[in-house]
Amino acid sequence: MVIYETHGDVCRVGYLRVVACLADDRIPKTFDYLASQLYEVARQRDKIKRYDVTGIIASNVNARNYVILAAETGIIDRHTQKRAAYGSIYAQLESAKRINDIIDGRVNAEADDFITLTQAEKIFFMHILIEHDHPFLGEIILWALKQRRFNRTTAMNYIMEDIYPEALAKSLQTASSKKRDIIRKEIDDAERFKDRRLSYSSQAEWIRTRQYAKYRHVAPPRLEWLVDLSILNREGRGKFSVNPEIARMGYELERVLRLPMKKMREELFTSIYPYLGNWSKADQEEIAKTIVEGYHRFVYSGVKQVKLEVLEMYACFRLLERGMITTPNTVHQVFNSLTIKYPDKVFITPTTGEVEIAEDSARGYTII
DNA sequence: CTCCAGGTAGATCGCGCGTT
DNA sequence: AACGCGCGATCTACCTGGAG
């Protein structure tokens, strides 16, 4: 499910954290309301403006574009106007504390607060962006890996003329029938992008076309996301290079990013993320503790039905925050062993995947 | 009316050339 | 060789017409 709607100004991943914290699990908030709140929060740090990065929120319109991106990446839900799965997960992570402090005015934002991500946050957003922009963003990463160094223009052309139509074609299989016709039309159009671009006699003429405007709205934000995730480094204006740490994993990345979605999710945790930080392996007890603690956090913040899948992903990222790594499948196994060991305290409704964990199990984690 | 994709004005970069 | 100037190329933030 490729992200269809992007705008050239949604370049900074960090604002998605603010949207996740501003949204709510119980009370719907309209996108306009979220946008104006986001705008207000972002303005807190007007005095310490950074001019070396693009995508800083400077208007309501531009804040709204970020809210839309949050909807496209599973942070908030278009229909319910509440938090979506990844928004709920982020809101329960420790990382959310700092953002909430800024939102509530308990601390003043520093220059980097909306831009710089912690290592765990980088992996969190890498995960959701790769998943929601699949296979587009993954293929962009693989192309970048082959280049090592490249400039913005080369990247824009290749991304739009080669990767984009192919990614759209692949996304056809999973798209709803309504969207399919629109996507097919877009593919037809995209297949002619290159010929059309080359038909303009001068560069000056080309950059004034609507097609170029489209390029600018689709490709550059994705490159900027990769910079925020430390997959790419910025090398001055319009130039990028691949982070050497990532470059070393080229072969593995190619294998993992091309796996079917469900497999890819697991393999990112087994084959990629372990090399993106100094993690220790989380043991069974830590995992179980994190599951139980997480369940109570979700319930406390107003999530009525805690989905097992969501709880498991939460546990993976919460452990990363504490310097420990595990995988969704491992968490799943630990959860299963909990239901067997404590059938009177830990339940799952098989049809819906909703979890319940008895209150007293939280106290001192006595169930372990 | 609302809203956003596409359009555009102005800012900024950096190439290539002349000068020291 | 190194510097720096000027201008075309490129980039970005903001705006708006036309779709819904």
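Rounded to an integer number of Å, the gap from Ile57(A) CD1 to dA13(C) P is 12 Å. Across the protein-nucleic acid pair, Asn157(A) atom CG and dC11(C) atom P stand 10 Å apart, rounded to whole Å. At whole-Å resolution of the value, CD1 in Ile68(A) and P in dT2(B) are 16 Å apart. Following rounding to the nearest Å, Tyr66(A) (OH) and dA13(C) (P) show an atom-to-atom distance of 9 Å. Regarding Tyr212(A), its OH atom lies at a distance of 14 Å from the P atom of dG7(B), rounded to whole Å. Summarising the geometry, the separation between CZ on Arg234(A) and P on dC11(C) is reported as 12 Å, rounded to the nearest angstrom. One atom, CD of Gln211(A), and another, P of dG6(B), lie 11 Å apart when rounded to the nearest Å. Residue Asn65(A) contributes atom CG, which lies 13 Å from atom P of dG6(B) at whole-angstrom precision.
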Could you list, one pair per line, each protein nitrogen or oxygen that sits under 3.5 Å from a nitrogen or oxygen of nucleotides 11-13 of chain B, together with the distance?
residue	atom	partner	partner atom	Å
dT12(B)	O2	Arg237(A)	NH2	3.3
dC13(B)	O4'	Arg237(A)	NE	3.2

Which atoms of nucleotides 8-10 of chain B (N or O only) lie under 3.5 Å from a protein N or O atom, and what are those distances?
residue	atom	partner	partner atom	Å
dT8(B)	O4	Arg216(A)	NH1	3.2
dT8(B)	O4	Arg216(A)	NH2	2.6

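Checked by atom type and distance alone, the side chain of Arg222(A) pairs as donor or acceptor with a backbone atom of Val218(A) at under 3.5 Å. Formation of a donor-acceptor pair under 3.5 Å by the Tyr15(A) side chain with backbone atoms of Ile57(A) is found in this model. Side chain of Arg265(A) to main chain of Lys262(A): no donor-acceptor pair is present (N/O by atom type, distance under 3.5 Å, no hydrogens or angles).
Here the closest heavy-atom approach between residue Met264(A) and residue Val256(A) is recorded as CG-O, 3.3 Å.
When the nucleotides dG6(B), dC11(C), dC4(B) are ranked by their closest atom to the side chain of His217(A), dG6(B) comes out on top. Among the nucleotides dG6(B), dC4(B), dC15(B), the one closest to the side chain of Lys214(A) is dG6(B). In the set dC4(B), dG14(B), dC11(C), the nucleotide with an atom closest to the side chain of Arg152(A) is dC11(C).
Screening Glu267(A), His127(A), Gln119(A) for a side-chain hydrogen bond (donor to acceptor under 3.5 Å, both in side chains) with Tyr273(A), the sole residue that qualifies is His127(A).
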Next item on the list: Check step by step if ring pair (Phe, Tyr, Trp, His ring centres under 6.0 Å) holds for Phe317(A) and Phe269(A).
Entry: CA-CA 10 Å; Phe317(A) 293 115; Phe269(A) 279 95; 5.7 Å; yes
Margin query: Could you go through Tyr314(A) and Leu93(A), starting from their C-alpha distance and side-chain angles, then the distance that decides it, and tell me whether this counts as side-chain contact (heavy atoms from CB on, under 4.5 Å)?
Written below: CA-CA 8 Å; Tyr314(A) 163 83; Leu93(A) 292 174; 3.9 Å; yes
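Asp32(A) comes within 4.0 angstrom of sugar-phosphate atoms only, judged by non-hydrogen atoms across all strands, and of no base.
Defined by atom type and a distance below 3.5 Å, a donor-acceptor pair is missing between the side-chain atoms of Asn243(A) and Ser230(A).
The side chain of Thr153(A) places no N or O atom within less than 4.0 Å of a non-bridging phosphate oxygen (OP1 or OP2) of dA9(C).
Counting non-hydrogen atoms of neighbouring residues, nucleotides and ligands closer than 6.0 angstrom, the CZ atom of Arg255(A) exceeds 12 such neighbours.
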